[in-house]
2 protein chains.
Amino acid sequence: MSVSLRDVAKAAKVSVGTVSNVLNRPEVVAPETLARVQGTIKDLGFVPNGFARHLRSGNSRTLGLIVPDVANPFFTEVARGVEDAASKRDYAVFLCNSDESATKEDRYINILIEQQVRGVLITPTDVKSDRLDAMRERGIAVTLVDREIKGRKQCSVSVDDIHGGQLGIEYLTGLGHTDIAWVCGPDSIPQVADRGAGVAKAAKFAGATVETIRVSLMNTTQGEEAAKKILALKTIPTAIFCANDLLALGVMRTLRENKLRIPEQVSVLGYDDIEFAASAAVPLSSISQPAYQMGVTAADLLLNECEEAETHEHQQIRFQPQLVERASTGKR
Amino acid sequence: MSVSLRDVAKAAKVSVGTVSNVLNRPEVVAPETLARVQGTIKDLGFVPNGFARHLRSGNSRTLGLIVPDVANPFFTEVARGVEDAASKRDYAVFLCNSDESATKEDRYINILIEQQVRGVLITPTDVKSDRLDAMRERGIAVTLVDREIKGRKQCSVSVDDIHGGQLGIEYLTGLGHTDIAWVCGPDSIPQVADRGAGVAKAAKFAGATVETIRVSLMNTTQGEEAAKKILALKTIPTAIFCANDLLALGVMRTLRENKLRIPEQVSVLGYDDIEFAASAAVPLSSISQPAYQMGVTAADLLLNECEEAETHEHQQIRFQPQLVERASTGKR
DNA sequence: GTGAAAGCGCTAACAG
DNA sequence: CTGTTAGCGCTTTCAC
């Protein structure tokens, strides 16, 4: 069925060792032998068996990337960054989707260990990190994406979520809003908790009232649910700050269905600044994060740790979020 | 570093063979031995090395999925379907992004062969399919997603793209449009070619004029480029049909920036019906494809071929596209 | 029911 | 520079 290194050796009339050398240390084999062996490799269409290869050498050229939601453009942007950086250094990436579930996350971590990935990029679902230690014990490098765990000896690339939350509220209160809804997922999601902390802090400072509307998932459908809850409120807030753009898009959809004018009657502010935010019904103002750049940075950090383990120093890189003003927000 | 099966054997005072049996044929080992060994496996935190495992047995539990663009929500939907179906049967999926480039596609195919994936789901970049044969020769099952190659002995899940193209034009001409722009990527993309063929056919039948605006990539940025080209035309068509929603979103953005009213002055019709189509500035009418369902179906077909190779029969499953009418299209 | 032993395809010493 | 050989960690006969 499959052509093996042994077959190549036989056909080229050399030993398996030489074929192996052609593959891994071409500079050490005689030019003509090299050419001949490379020729037969091509003729036979030989592709080395990665399993066997790395079984022996002990390290693969694959990475794992575990994100909470591939359907969220923010994470696909991150993924693209990771992939580009990895592929530049000839690594392949397993993209895994934890769906914000610790069970699924665990399952994937196991699979990745089985697959003997060299390193893992992960946006952990929650704070419990013994699974991460399990990987590290096995010599798998781990770097955190969009998340930072204090006091851990590992690389991370994150965004200052507390600041992002503040930024949003400061902007909204600056516009004159004092009655604001904060739409978010469960506090077990660290990003949510941090952004929420920033929101609370800034609101207190500005003397604004913040009503928290909590939903289970951070997608458009749940955004619609959140909007219904808001519409059921005694007094409808004049501004709604959403923990991500997907929620905001859902909120806006329902608001518009109910004939509320954005931003005249209600301002809506999102978070992530995904590409679609700009083409939304009312172009969405949002707190922007450098998704692609985060992916690239994280992958570079991880690969550096993989390939130069001795000299590698763990780094915590933190980006700053930025406000992008569009049409969905306005003065009170 | 890593705990091996041998360590477990030693700790549980059994032979490696028995531990292997515990893992693979638990029913064959004595209950108490089973319990004891499972206990030590847990204590030691042993995770079998997938490489070694499948090196011997010859088959892995991983699949590859190669799509032209992960940033396109249509394909992330497909990917979710694939992942859900695969994970239900305990398979992991490598998500690879070919970026519509044959080179990248080749590169990934090689990586997947190296990784000894059991099967591959692919939306091939172009018609040349010798790379697919290379995989099949190695015993890797291949199924085509969103694409059908006639006369090939393989499974495929596709949508009738010719019909989709027709559907769009029929709808638009039914609305009274006779001067239509068809915005699409290069004809080397089979979906584009097929949809284009449907467009041409239906236009001819209805006696409508179709101006083809071709761009290099099918994303929003290129949609904006396309719109600029359209605006430069002598007479601006009354309807624009885009080969995917990303293009349509870009087109609409630029149109609106130029103060053209949709649908009063120009109707815009997309293709794919991605989730964001509904929340666009003007909710986008679109030709809908059952993305998630396609992913599930394709993965099931593939896994069936992997696991029941003898009884497996290749199937060509073709879904029908459907028109979803929203606000971006109107009577001429 | 369990153990011993032979590989799976490859890499990495080490001889020659 | 090339060949030989001993494993990597596991599965899989085949005896016991």
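Proteins come first, then strands; the chains are lettered A, B, ... in the order of their sequence lines, and each starts at number 1.
Between B:Asp90 and A:Arg107 a salt bridge is recorded (basic side-chain N to carboxylate O distance below 4.0 Å).
The shortest non-hydrogen separation linking B:Ser156 to B:Leu301 is O-CD2, 4.2 Å. Closest non-hydrogen pair, B:Arg80 versus A:Ala71, comes out as NH1-CB, 3.8 Å.
Counting only heavy atoms from C-beta on, B:Arg56 has its side chain closest to C:dC8 among C:dA5, D:dT4, C:dC8. Closest to the side chain of B:Ala30, out of C:dT2, D:dC10, C:dG9, is C:dT2. The side chain of B:Arg25 lies closest to D:dT13 when the candidates are D:dT11, D:dT13, C:dG9. When distances run from any side-chain atom of B:Thr33 to the nucleotides D:dT11, C:dT2, C:dT11, the shortest one goes to C:dT2. The A:Pro48 side chain lies nearest to C:dC10 when the options are D:dT2, C:dC10, C:dA12. Comparing atom distances between the B:Leu55 side chain and each of D:dG9, C:dG3, D:dT13 picks out D:dG9 as nearest. Comparing atom distances between the A:Asn49 side chain and each of C:dC10, C:dG3, D:dC10 picks out C:dC10 as nearest.
The local environment of CZ in B:Arg89 is crowded, with over 12 non-hydrogen atoms from other residues, nucleotides or ligands closer than 6.0 Å.
Under 4.0 angstrom from either OP1 or OP2 of D:dT11 there lies at least one side-chain N or O belonging to B:Ser20.
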